[in-house]
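Keep in mind it's a predicted model, so treat the numbers as computed, not measured.
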Amino acid sequence: MDTAKAVLLLEFAKPVLQACAVVLTLCVGIFAVSRPRTTALSLLATACFLTVVVDSIYLSGSLQTQWRITLFPVGTRRVLFLVAELLFIVEVFLWPVALFLLIRERRASIPPTI
């Protein structure tokens, strides 16, 4: 397959891949919420749900760009993309904090071996 055709195929399939990422992240968030409450899992669930919101907004943009499916009027899209950009800033800091706490809780629950 030609490189240009492969790139075009990936670009055309981008909304499908983004939708898969949204569904999988939502499943992880629901799974984290359903476990016993710890700070790390609560923060992880929050990060997952925030990522789902941001990725869903970007998915709506990809649907319009790649497949010409318009979900929102222009004014609404502008506001949504502004919200997505602001939430992305929070998301960038929330994920590492959630993972650090998760690793810390995991290490605290493992008994030391001698």
Side-chain angles (χ1 to χ4, degrees):
M1 180 181 280
D2 188 13
T3 306
K5 288 181 182 178
V7 169
L8 285 175
L9 179 64
L10 286 175
E11 281 295 317
F12 185 75
K14 191 175 183 178
V16 173
L17 298 173
Q18 285 178 321
C20 290
V22 167
V23 170
L24 289 173
T25 307
L26 181 62
C27 290
V28 170
I30 291 170
F31 186 72
V33 166
S34 68
R35 299 295 112 196
R37 294 280 184 264
T38 64
T39 305
L41 283 179
S42 297
L43 206 55
L44 181 69
T46 303
C48 284
F49 294 136
L50 187 66
T51 300
V52 165
V53 170
V54 171
D55 286 352
S56 296
I57 293 170
Y58 289 140
L59 172 62
S60 71
S62 286
L63 284 173
Q64 178 160 353
T65 304
Q66 299 301 323
W67 296 351
R68 306 288 187 243
I69 298 172
T70 304
L71 298 176
F72 302 106
V74 175
T76 306
R77 274 197 315 266
R78 287 182 184 156
V79 171
L80 283 174
F81 281 116
L82 177 64
V83 168
E85 290 296 323
L86 293 174
L87 288 177
F88 179 75
I89 294 168
V90 175
E91 180 185 2
V92 164
F93 293 103
L94 192 60
W95 271 105
V97 171
L99 293 176
F100 278 130
L101 285 175
L102 191 63
I103 292 167
R104 188 171 151 201
E105 283 181 5
R106 171 89 173 133
R107 290 199 75 196
S109 68
I110 298 173
T113 57
I114 298 176

Quick one: do L63 and L17 end up in the same hydrophobic cluster if we chain Ile, Leu, Val, Met, Phe, Trp and Tyr together by side-chain heavy atoms under 4.5 Å apart? no

Could you tell me if the side chain of D55 sits less than 4.5 Å from the side chain of L59, heavy atoms only? no

With V92 via side chain to side chain contact (heavy atoms under 4.5 Å, CB included) - residues at least two apart: F88

When rounded to the nearest 0.5 angstrom, what distance separates CZ in R35 from OG in S42? 13.0 Å

R77 side chain reached by V74 side chain, heavy atoms, under 4.5 Å: yes

The test is side-chain contact (heavy atoms from CB on, under 4.5 Å); show your working for R106 and I103 and say whether it passes. CA-CA 5 Å; R106 171 89 173 133; I103 292 167; 5.5 Å; no

Closest contact, heavy atoms only, Q18 versus Y58: OE1-O, 3.9 Å

Does V90 have any side chain to side chain contact (heavy atoms under 4.5 Å, CB included) partners at least two apart in sequence or in another chain, and if so, which? L50

Which residues satisfy the side chain to side chain contact (heavy atoms under 4.5 Å, CB included) test with L102, sequence neighbours excluded? A40, L41, L44

How long is the straight-line distance from CG of L24 back to OG1 of T51, given to the nearest 0.5 Å? 12.5 Å

Ring pair (Phe, Tyr, Trp, His ring centres under 6.0 Å) against W67, all qualifying residues, sequence neighbours excluded: F12

State yes or no: do V54 and L43 share one hydrophobic cluster built from I, L, V, M, F, W and Y residues joined by side-chain heavy-atom distances below 4.5 Å, directly or via other members? yes

Between V53 and V22, is there shared hydrophobic-cluster membership here, with clusters defined by ILVMFWY side-chain heavy atoms closer than 4.5 Å? no

Rounded distance [0.5 Å steps], CG in L94 versus SG in C48: 9.5 Å

Member of V28, V33, L26 meeting the side chain to side chain contact (heavy atoms under 4.5 Å, CB included) criterion with I30: L26

The criterion is side chain to side chain contact (heavy atoms under 4.5 Å, CB included); which residues satisfy it with S60, sequence neighbours excluded? L71, F72

Of all pairs that satisfy ring-ring contact (aromatic ring centres under 6.0 Å, His included), the ones with a partner from residues 22-55, not counting sequence neighbours: none

